[in-house]
Each structure stands twice: as C-alpha cells, then as structure tokens.
Undergrad: 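Dropping a structure here in structure tokens format, bear with me for questions.
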Amino acid sequence: MSLDYQCPLCQQSLTLQVNVLKCSNNHSFDRAKEGYVNLLPVQQKNSKQPGDNLDMVQARRAFLTTGHYQFLQTAIAERVATHSPQCVIDLGCGEGFYTQAIANACDAKVYGVDISKSAIKYAAKRYDNCNFSVASISQAPFNDEMADVLVSIFAPLFDAELARLAKPDSKLIVASPGPWHLKELKQYIYRDVNAHTAINVPSGFELIEQTLLEQQISVPFNDVKNLITMTPFAWKFRPEHWQLLEQQGEQVVTLSFYVSQFTRLTDSL
Ligand SMILES: C[S@@+](CC[C@H](N)C(=O)[O-])C[C@H]1O[C@@H](n2cnc3c(N)ncnc32)[C@H](O)[C@@H]1O
Ligand SMILES: [Zn+2]
C-alpha cells in the first residue's frame, strides 16, 4: 500500500517500510496498531493533549450515532462524489464520521487528519477505508497539490495550507455553522445570541456554491448533553444550566449548516 505523506520535520516524502514511515533524512514515524500514523512532532504540539479531548470525542461519537447529523453527512459525501476525485483530504476530521462516508461514496484515496490523538485512534479503529493521521493541519503532512477535493467540517481553516494542498481547479468543501445553529441551547448561556455568518472565501479560492441546510429536532436530555459536550461552548454551562436542561426533558434544537463549495483559482498559482 502506498501512503503519500510528507515528513513533518523536513518535508521530504515518507515511504512505508513494514510499519514505519521513513524519509530520506531518516526521520521515522511508527504506524500504530490501529493503522494510523502519528506525524505530530513534539515541537508542533502546543499542549500535552492538543485538539479535542476524549470526553469531546466520545460525546461527539455518541451524538452522531443518533443519526441527527446524517443529512449533513449525506450532503457532504454526495458533493465530494460529484467531482469523481482520486484524492480527498478531510482536514480536522475528528473521529471520521464524515471521512468514512466520503470514502464509501467515491473511489478516491481518502485521508483524514486531526491533531487529536483520541479522535484519530477512534477513527482508525472503526474505519479501514480511510488513511488516518495525527498531525496539525496548519502544517499538514502532505505534498503540494495533492488533493482533488479538500474537506473541512467545523474545523479551523488555514488558507495558505489549503492553497498549497489543492490541485489546480480542485474543490474545497466547507461545513460551518448556519445563522441560528443550536440557538435554543445558546439561549441558556448568552443573553443575546448572535447569528453566525457564512465563512470568508479562503484566499486563492472562489465560491461556486453555498447551501444552507436546516432542520429542527426534538431530543431527550442525554442527546442534548452530548451535543453540548462536543462543542467548544460546553465549558460555559454551569450546574444550574445543566439542571434546567434536565428538567426540560425533550428539547427542540435548531441544526443549521452552511455547506460552501470553492474552487482553486488557477490564475493565483
Ligand atoms: C468541531 S471538531 C470537528 C470534527 C469533525 N470534522 C466532525 O465534524 O465530526 C474540530 C476538530 O478540529 C481539530 N483541530 C483543531 N485544531 C487543529 C489543528 N491545528 N490541526 C488538526 N486538527 C485540528 C480538533 O481536534 C477537532 O477534532
Ligand atoms: Zn524528514
């Protein structure tokens, strides 16, 4: 099997030798028993446990298995498949919920990369139709112009890296929160809930399509708890907010997502 990774220390290509990836400068990276590779050198770690922690990963997994985000998963996988890509990279892939659906929908070699080891371990254990790595997407361990489609779902965007990884005319598909995403939950902690706006066009790309996908769901406390725990505003919920939510029982929640498609501009290369 060939894996097209780049050494995070010297940017030379890595070759797989049994279960070790090595570059010509003899930097080597083991493949874990779960099948993923750890390409995050200590000097790129900004904390002991960068990215989403195990609690967030487990909460996200538990919530995603309820099926409430399946309409987004399908929309993303279908959009990627229309481009008949050979290589797709899901940047900030978490535990691979969207990555594996993309791999099922098209014939491409699909890479999922995330800085959270807990998330990647989980992804690699479950899905063997993708190639997972622990790495930073601010210095992604892939060669220039490698991807036909880049995917980013609720993950940070690093414009220069996106432009570097994208083939000419390739596509970038981004899911980001729509105007009133989770507004009923935010009302517990914010006096005024501000509407999310669509993301800015990353430099070197042009917007070709933007869709707003929305659904209202009614979910029991346990699902609400997981939905909040998997978001960055979970730490704002104090015991009294949790208590109110629990008393409420079933909770109506607005799910709202922008799905934006961009194309790599060739004249800015
Ligand atoms: C909100 S989660 C979304 C995960 C996944 N795309 C999903 O929607 O299920 C954001 C993800 O970005 C990852 N992340 C944040 N900063 C990163 C970085 N610099 N490099 C790689 N991954 C990063 C986090 O670890 C987390 O898994
Ligand atoms: Zn190297």
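The basis for the numbers below is simple: all heavy atoms, side chains too, and nothing from hydrogens, waters or symmetry mates. Both ligands and their constituent atoms are indexed starting at 1 by order of listing.
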Undergrad: Closer than 4.0 angstrom, basic N to acidic O: yes or no for Glu206 and Arg264?
TA: no
Undergrad: Between Phe154 and ligand 1, find which residue part has any heavy-atom pair under 4.0 Å and reply side chain, backbone, both or neither.
TA: both
Undergrad: What is the number of protein N/O/S atoms located under 2.8 Å from the Zn ion (ligand 2)?
TA: 4
Undergrad: My understanding is that we take every heavy atom of each candidate and find the minimum distance to atom 24 (C) of ligand 1. Doing that for Asp114, Leu64, Val151, which one comes out nearest?
TA: Asp114
Undergrad: For atom 15 (C) of ligand 1, tell me which residue out of Gly92, Pro156, Gly51 has the closest non-hydrogen atom.
TA: Pro156
Undergrad: Please report whether the ring centroid of Phe257 lies less than 6.0 Å from that of Phe71.
TA: yes
Undergrad: Under 3.5 Å, side chain of Glu161 to main-chain N/O of Ala140, donor-acceptor pair present?
TA: yes
Undergrad: Using the side-chain hydrogen bond (donor to acceptor under 3.5 Å, both in side chains) rule, pick out the option among His196, Glu214, Gln216, Gln215 that qualifies with Ser256.
TA: Glu214
Undergrad: With Asp148, which of Lys109, Lys171, Lys167 fulfils salt bridge (charged side-chain N to carboxylate O under 4.0 Å, His left out)?
TA: Lys167
Undergrad: Cluster partners of Val252, using ILVMFWY side-chain heavy atoms under 4.5 angstrom, listed by chain and number?
TA: none
Undergrad: Considering both backbone and side-chain atoms of Tyr98, is one of its nitrogen or oxygen atoms within less than 3.5 Å of a nitrogen or oxygen in ligand 1?
TA: no
Undergrad: How about Phe97 and Tyr69: are their ring centres within less than 6.0 Å of each other?
TA: no
Undergrad: Which is it for Ser260 and Glu209 under the side chain to side chain donor-acceptor pair (under 3.5 Å) test, yes or no, and what are the steps along the way?
TA: CA-CA 6 Å; Ser260 312; Glu209 192 215 352; over 6 Å; no
Undergrad: Under 4.0 Å, heavy atoms only, figure out whether ligand 1 is touched by the backbone of Ala135, its side chain, both or neither.
TA: backbone
